Structure formats: C-alpha cells, structure tokens
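The chains referred to below are lettered A, B, ... by the order of the sequence lines, with proteins before strands, and numbering in each begins at 1. Worth saying up front: this structure is predicted, and the values here are computed from it rather than measured.
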Amino acid sequence: MPTMDPNRKKSKPVDLVDSVDSRVELTESTRSCPFPDEVLERVLSLIDSHKDRSSVSLVCKDWYNAERWSRRHVFIGNCYSVSPEIVAARFPRIRSVTLKGKPRFSDFNLVPEDWGADVHPWLSVFSSAYPFLEELRLKRMAVSDESLEFLATSFHGFKALSLLSCDGFSTDGLKAIASHCKNLTELDIQENGIDDLGGHWLSCFPESQTSLEVLNFASLNSEVSFDALEKLVSRCKSLRVLKLNRNISLDQLQKLLLHCPQLMELGTGTFMQELISGPVTEFKNMFSNCRKLVTVSGLWDATPLYLPVIYPVCASLTFLNLSYATLQSSELANLLFHCRSLRRLWLLDTVGDKGLEAVGSCCPLLEELRVFPADPFDQEIFLGVTESGFVSVSRGCPKLRHVLYFCRQMTNAAVATIARNCPDFTHFRLCIMNPGQPDYLTKEPMDEAFGAIVKTCTKLQRLAVSGLLTDRTFEYIGQHAKNMETLSVAFAGNSDLGMECVLKGCPKLRKLEIRDCPFGNAALLSGLTKYESMRSLWMSACNVTMNACRMLAKEKPRLNVEVMRDEEGSDDSQAHKVYVYRSVAGPRRDAPPFVLTL
Amino acid sequence: MSEESMEKKAYGITSNKDLNLKATELRLGLPGSESPERVAVNKNLVAGAKRGFSDTVKELPKQPQVSVNSNGQTSVPAPKQQVVGWPPIRSFRKNTMAVSHTKNEENGDPKMGSGCLYVKVSMDGAPYLRKVDLEIYSCYLDLSSALEKMFSCFTIGQYGSHGVPTRDGLSESRLMDLPDGSEYILTYEDKDGDWMLVGDVPWDMFIGSCKRMGIMKSSDAIGLAPRAMEKCRKRT
C-alpha cells in the first residue's frame with residue numbers, strides 16, 4: 001500500500017476523491033518556480049470543487065502541497081475507502097467534512113444493522129487533528145449518542161451538523177449538540193433512524209444561542225416546547241432555513257413567522273386546523289411578510305381550505321416540496337397557477353395525470369420533478385400517475401434535468417417522447433413499481449424506453465431502470481451512456497452479457513448497484529480492471545459465487561471484496577450480497593461477523 | 001380450472017420444462033397457505049437462478065383476483081408479491097405515508113374537510129380494485145353512475161352489444177341489467193364490519209360509515225340483508 005508521504009519521490013497518491021486516475025506520478029517541481037507557497041495557497045483556497053482540487057494536486061509537488069494546506073473541506077464518498085489517519089496526514093487544515101458510509105441499498109433495508117460505518121473512529125482522529133472542525137455532514141453513517149456528545153464537547157468552534165439517513169442515535173444526542181455547541185449555525189436532521197425520546201432537546205438551546213441559520217427537525221415525531229421554539233426563533237436573527245415537524249399547528253406557525261421575516265426556506269407543520277370557526281381569514285396574511293421565501297415544504301395534511309394561505313409567496317418560490325401533502329389534481333392546479341418560477345417540484349402521485357398536466361402548463365422553468373407513490377405497497381389499487389402524466393410534464397417543461405418517477409404503468413413510446421422533449425436529462429430514475437413489468441400496451445420489454453433515454457440524453461449522469469428489461473437495455477447503455485456515473489438496476493437482464501456491456505462501455509461509471517438480476521461470475525469478473533476506477537459495486541440476489549469473489553479479491557488487492565452472509569446460511573457457495581469498493585486503507589477491521597472480507 | 005393451470009396458460013407455458021421447476025413457478029397463496037415457496041418475479045430468469053431470488057420475496061396470502069374472459073385467457077397483469085426493499089422508498093416516507101393512509105381510511109367524518117375519503121371498490125370478476133373518493137359525490141345516484149362508468153369495461157366484455165345498462169331510480173343499488181337476468185348489487189362494509197346494501201341509509205350516514213365497497217353478482221349476495229334478496233326475487 002503506497003504511503004501518503006508527499007516528500008517521497010515517485011510516490012503514487014491514490015486520491016481520496018473518486019474521479020481521478022490513480023496511476024499518475026508526481027514529478028519534482030523546478031526550483032525556478034517563482035510563486036511563493038503562500039500566494040499559491042491563497043489562490044488555490046478559492047477553488048471549491050473537490051474534483052478541481054484533485055486535478056490541482058496532480059500538477060506538481062509544489063501544487064500538491066499548496067493544495068493540501070489550503071484545503072478546508074474534504075469529501076469522502078465511502079468511509080472505508082480511506083482511513084481517518086490518512087486523511088489527517090494529508091490535509092492538515094480541514095474545517096469541514098462530508099462523510100458517506102453504508103451502500104445506498106441500506107436505505108431500503110438490504111443491509112443488516114451493525115454493518116458498520118461508525119463515525120466514532122473518525123471523530124477520535126479529528127479531535128486531535130482538527131480541533132477547529134466546524135462542519136460535519138454525514139450520510140448513512142452509524143452515529144451514537146456518545147459520538148454526538150463527543151462531537152459537541154471536543155470541537156469548540158463547531159458550527160454545522162447535518163445527518164441524513166443515519167442511525168443509531170436518539171434525541172439525547174441532539175440534546176448534547178444543542179447544549180454544548182455555542183456557535184452552532186446549522187442543525188439539519190433528515191430522515192434518520194433516530195430513537196425519538198421526546199422533544200426536550202430543543203429546550204436545551206441556551207439563551208445565548210443566537211447564531212442559528214439552519215434548523216431542520218421535520219422528520220422528528222415528538223412535540224417540542226413551542227415556547228422554547230418561539231424564543232429561539234426570535235433571537236436567531238440570521239435564521240434562513242426553518243423546517244418544523246408535523247406537531248406544529250397553523251396558528252403556531254403564524255406566530256413563528258412573525259419573528260423571522262428573513263426566512264428563505266420553510267418547512268411547515270400541519271397545514272390544517274380542526275376548528276372551522278374563522279380560520280382562513282386569520283391566516284390569510286401569514287406569509288405576507290416573508291418576502292425572501294424561495295422554498296416551501298411540509299404542508300402535512302394540507303386541504304383546499306388552507307392551501308390558498310401560501311398563494312402570496314408562490315410567485316417567488318423556486319422549490320416546492322409537496323411530497324407529504326395528499327393533494328388532488330385540482331388542488332395542485334390551483335396552487336401551481338401561482339407558482340410560475342418553480343425550478344424544483346416534489347409531489348405525491350395522488351395528484352394524478354391531471355395534476356401533472358397542470359405542472360406542464362404552469363411551470364416552464366422546471367428543472368427537477370420527483371413524484372412519489374402515496375400507496376407503494378398497496379398492490380390492489382390502480383391509482384397514481386401513468387405515462388401520460390409524465391409526457392404532459394415533458395411537453396411543458398423542456399428544461400427538465402432531474403426526474404424521479406414512480407408509476408404503475410409505462411410504455412416505450414411515452415419514454416421516447418419524453419426523451420425527445422427533454423434532451424437535457426442528467427438524472428433519470430424511472431420506477432415502474434411492479435418488478436419486471438413490460439410495456440403495458442405492446443407487452444414488450446422496456447428496452448427501447450431506456451435506449452431512447454441514453455441515445456438522446458447525452459448528458460445523463462445518473463440512471464435507474466425498471467420494468468421488464470432484457471440484455472438489450474444494457475447494450476444500449478454500454479453503447480451510449482458515456483457520461484453516466486451511477487446506475488441502479490433491479491429485476492432486469494437475461495445473462496452476464498448485460499452487466500458486461502455496462503462495465504465495458506461506460507467510461508465514467510463510478511457506482512453500480514444491482515439487485516435480483518441473473519448476472520453471474522463471468523459478469524462480475526469482466527469488471528476486473530474496472531472496479532478500481534469506480535467507487536463501489538453492489539450485487540445482491542444475483543448469481544455470483546464465493547469462488548468468483550475470492551478470485552476477484554485475489555487479483556485485485558486494492559479492492560475490498562465483502563460478502564454478506566445470509567442469515568439462513570444454507571448455501572455457502574453462493575454470494576448473496578456482494579459489496580466491492582476500492583480502498584487505500586486495506587480491509588476493514590470493524591467488519592461484523594456476517595461480513596466476510598475476502 | 002385450478003390456479004396452477006390458469007397461471008400456466010397466462011404465461012403461455014405448456015410444459016414444466018420451460019421453467020426451472022417449482023423454484024420459479026409463480027403462485028398465488030390463499031390465506032392460510034403455509035411455508036413460503038420460492039417465487040420468481042422476473043419471467044426471463046435463466047434457469048439455475050436458484051436461491052438468488054427467493055430470499056428477497058416474501059409471499060403474502062392474498063385472495064386470487066384473476067379473471068378469465070370468454071377466450072379462456074387470463075387478462076391480468078403478473079400477480080404481485082411483496083418484495084423486500086421494493087419499491088425503493090426510504091423508511092421515513094414509508095412510515096409517514098402509512099400513518100396518513102390509516103388516518104384517511106379511519107376518518108369517515110366529512111366535516112374534517114381533509115379533502116378525500118377514499119374507499120376501495122372491488123367487483124366480482126374484475127382483476128383489480130378501484131378506489132373512489134366518496135367526498136366528491138353528493139348522492140347515491142352520482143356514486144352509482146360513476147361506478148358504472150368505472151367498471152363498465154369489465155362487464156361489457158361479458159355481454160357484448162346487447163346489454164344496455166339501465167338504472168331504476170327506485171333502487172340505486174342495482175347497477176346493471178344483464179340479458180341473462182343476473183344483476184350486480186352494490187354493497188358496502190360498514191364500521192362494524194358488516195356488509196350492507198348501499199342505499200338503505202341516508203347519504204351522510206353512509207359516507208360516515210362506509211369502509212369499502214363491493215359490486216357483487218346478485219346471485220352471490222346471499223347472507224346480506226334480507227331486503228337485498230327480496231329485491232332480487234322481484235326481478236326474476
């Protein structure tokens with residue numbers, strides 16, 4: 001394993017960041033370089049993109065050093081690809097860390113608990129290496145209350161904490177953060193496996209806390225003390241993002257809004273009141289002072305009676321998240337009529353195709369659309385959105401780039417039309433909810449649909465496929481998806497050929513996640529030379545054997561090949577869940593008993 | 001026709017050689033069926049897929065909803081099984097929507113103004129259910145004409161051009177008059193779990209207590225309120 005000592009000639013740094021070729025050598029810088037290090041550092045400090053910084057670090061040794069001293073933020077896409085010690089050795093002055101842990105399919109319960117991705121070892125190293133750490137953004141990491149307490153007490157200037165899809169902690173951990181982080185500007189808690197023991201954590205913010213800019217507790221279920229919340233909001237004059245949970249009522253929201261007219265992003269609480277006596281006129285002016293509002297979310301239980309309350313701010317909204325509001329088509333149409341500036345829209349499929357027609361007519365600037373299913377597991381009903389709604393949107397919103405669409409029926413022809421209407425797709429995720437479902441009109445596989453997407457949308461970076469798919473889909477992907485970085489596949493393909501096409505044909509592929517497909521050993525091994533240029537590969541419920549995994553591990557020592565044992569354990573020759581990723585840190589030492597590192 | 005042979009016909013399977021035996025055969029489990037069989041969800045499986053699929057599929061006992069039309073072909077989309085981690089939706093959203101869903105279904109009080117009162121409507125012989133929002137109708141006539149439109153596609157196949165659906169204003173619960181004398185009856189399950197005839201109680205009371213609806217053949221409506229049977233006898 002190469003060391004990270006930059007003073008060694010001809011050392012080969014394997015970059016932390018995903019997109020860089022790991023085989024570039026450093027050359028000695030010429031001594032006649034007139035640029036003083038401090039100046040170079042100052043200049044480089046203006047570069048934010050981690051991809052650019054990786055490129056900078058490869059220019060020459062001086063630049064490598066200047067870059068590492070000037071870097072303030074490090075992004076680690078896979079916490080096991082590198083160790084905290086290596087990070088600390090290379091980047092001495094980090095203030096902000098983004099760290100991602102478990103494979104994405106853990107969001108859908110495909111990864112057992114206690115798999116790993118514990119943040120604590122990172123915090124231990126950081127407490128000595130980066131005592132001035134200010135920001136920590138974690139995704140799919142295991143976080144305990146002890147870790148949160150450690151974080152709160154070890155880093156005195158700590159400012160911003162964001163937890164998305166993490167698990168292992170409770171609201172007690174939040175108490176520690178609220179109590180000890182004197183300079184906290186951001187507390188963003190989103191969709192975690194959190195043990196909600198009550199809302200007392202909010203009351204732990206001391207009176208001296210006036211610096212909050214972002215507070216998001218929308219996904220916590222317990223009631224907080226409204227009094228404490230109101231006081232907190234009043235004294236934090238820089239608050240720009242406030243996302244409340246469902247327990248906050250409409251009249252409580254009204255009171256809060258009086259204190260923060262400067263708000264830019266709002267997540268409401270429940271958007272209806274049970275008392276019908278004299279409600280709407282009271283709330284009519286609730287938003288009249290919120291002139292800076294660009295994002296609204298929440299809107300739990302919103303009804304036609306109360307929705308008009310937000311009409312006054314709709315004209316300037318760029319992001320509207322209605323994915324928890326069970327709106328019907330006409331309610332949505334009436335609302336969207338006022339929202340001409342929308343760039344991003346998240347919906348529930350209760351709005352139906354008619355609602356999507358309204359999207360097409362009212363939101364010409366739309367760039368991102370996500371339609372979630374209200375009843376994903378109710379297989380008996382026949383509601384939601386169809387291909388026709390998607391087509392309507394594509395007609396009216398040619399600037400669409402990012403789509404996530406859950407539906408129960410789709411046709412090849414419709415997707416081809418959509419691709420023609422919206423050639424700029426960068427993220428296309430279509431989820432036909434019944435696995436292996438064909439084009440419902442022609443009964444053919446959905447190959448041509450995704451073929452159309454990859455042929456027409458040359459900027460495509462992320463693709464998720466569904467429906468009945470043969471190897472043909474993957475041939476198309478391999479032939480045309482030259483910018484694709486992430487591919488998600490489920491219940492698709494006929495043979496190894498499918499996966500081979502993708503591995504051979506997609507030069508920018510970084511993440512490949514596959515479940516329930518008939519891809520086997522030949523397919524797995526066809527990517528032998530590819531996996532080191534990728535962040536990770538996930539294969540579950542496919543046809544891969546342990547021997548093939550062992551072979552892969554043996555040939556490629558810089559890859560970690562992990563196999564998760566099935567609990568039943570009856571067939572030990574099959575590898576049920578395989579997770580392969582590149583790493584400079586070697587095999588992980590914290591693997592639980594059900595994870596075999598080969 | 002047994003379930004097994006109905007399914008085989010549906011997929012054009014004539015012999016067991018086409019599939020990898022029981023491991024990949026699609027089954028519909030009746031309530032009370034025992035240990036989960038291995039089920040393939042993807043028809044294009046290469047034989048020999050073995051365990052790969054079975055551990056992700058959990059079979060739920062369900063009433064078979066397969067219908068057979070006059071040609072003896074099933075006209076049904078592939079039977080659906082619940083699969084771990086599919087559709088790919090995060091737990092928070094799953095749990096949140098489950099709560100909202102129950103709230104809506106339990107909540108029969110139109111005064112809540114929650115905007116929708118969805119109830120499931122099933123019809124004998126139809127391959128899938130529909131859901132209707134009772135809030136949008138103001139009387140039984142509206143409801144039954146909407147249902148008639150919704151389900152006409154399932155009955156037209158059965159009686160072709162002769163049948164003209166008629167409605168008798170006296171009996172809103174009778175939907176269709178078939179040439180062979182059989183008719184459909186609109187029934188509902190109330191809060192107590194009893195199946196009642198639609199139209200017996202005032203509209204407001206109905207939408208307050210209706211949990212789900214069923215469109216049954218009158219010949220099947222044995223055991224309902226005696227009034228229903230009386231009406232049937234009057235027609236023949």
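- Using modelled atom types, one finds a donor on one side chain and an acceptor on the other under 3.5 Å when comparing A:Ser165 with A:Asp107.
- For A:Ile432, the part sitting under 4.5 Å from any heavy atom of chain B is the backbone (N, CA, C, O) and nothing else.
- Within the 4.5 angstrom heavy-atom criterion, only side-chain atoms of A:Phe406, from C-beta onward, approach chain B.
- Formation of a donor-acceptor pair under 3.5 Å by the A:Asp471 side chain with backbone atoms of A:Gly493 is not found in this model.
- The most heavy-atom pairs under 4.5 Å with chain B, out of A:Ala490, A:Pro373, A:Ser323, come from A:Ser323.
- No side-chain N or O of A:Gln190 forms a donor-acceptor pair with one of A:Asn192 less than 3.5 Å apart.
- Only the side chain of A:Phe372 has a heavy atom closer than 4.5 Å to any heavy atom of chain B.
- When each of A:Cys431, A:Gly193, A:Pro438 is scored by its heavy-atom pairs under 4.5 Å with chain B, the top score falls to A:Cys431.
- A:Arg462 and A:Ser488 are not linked by any side-chain donor-acceptor pair at a separation below 3.5 angstrom, with hydrogens and angles left out of the test.
- The aromatic rings of B:Tyr140 and B:Phe206 are tilted relative to each other, their planes meeting at an angle between 30° and 60°.
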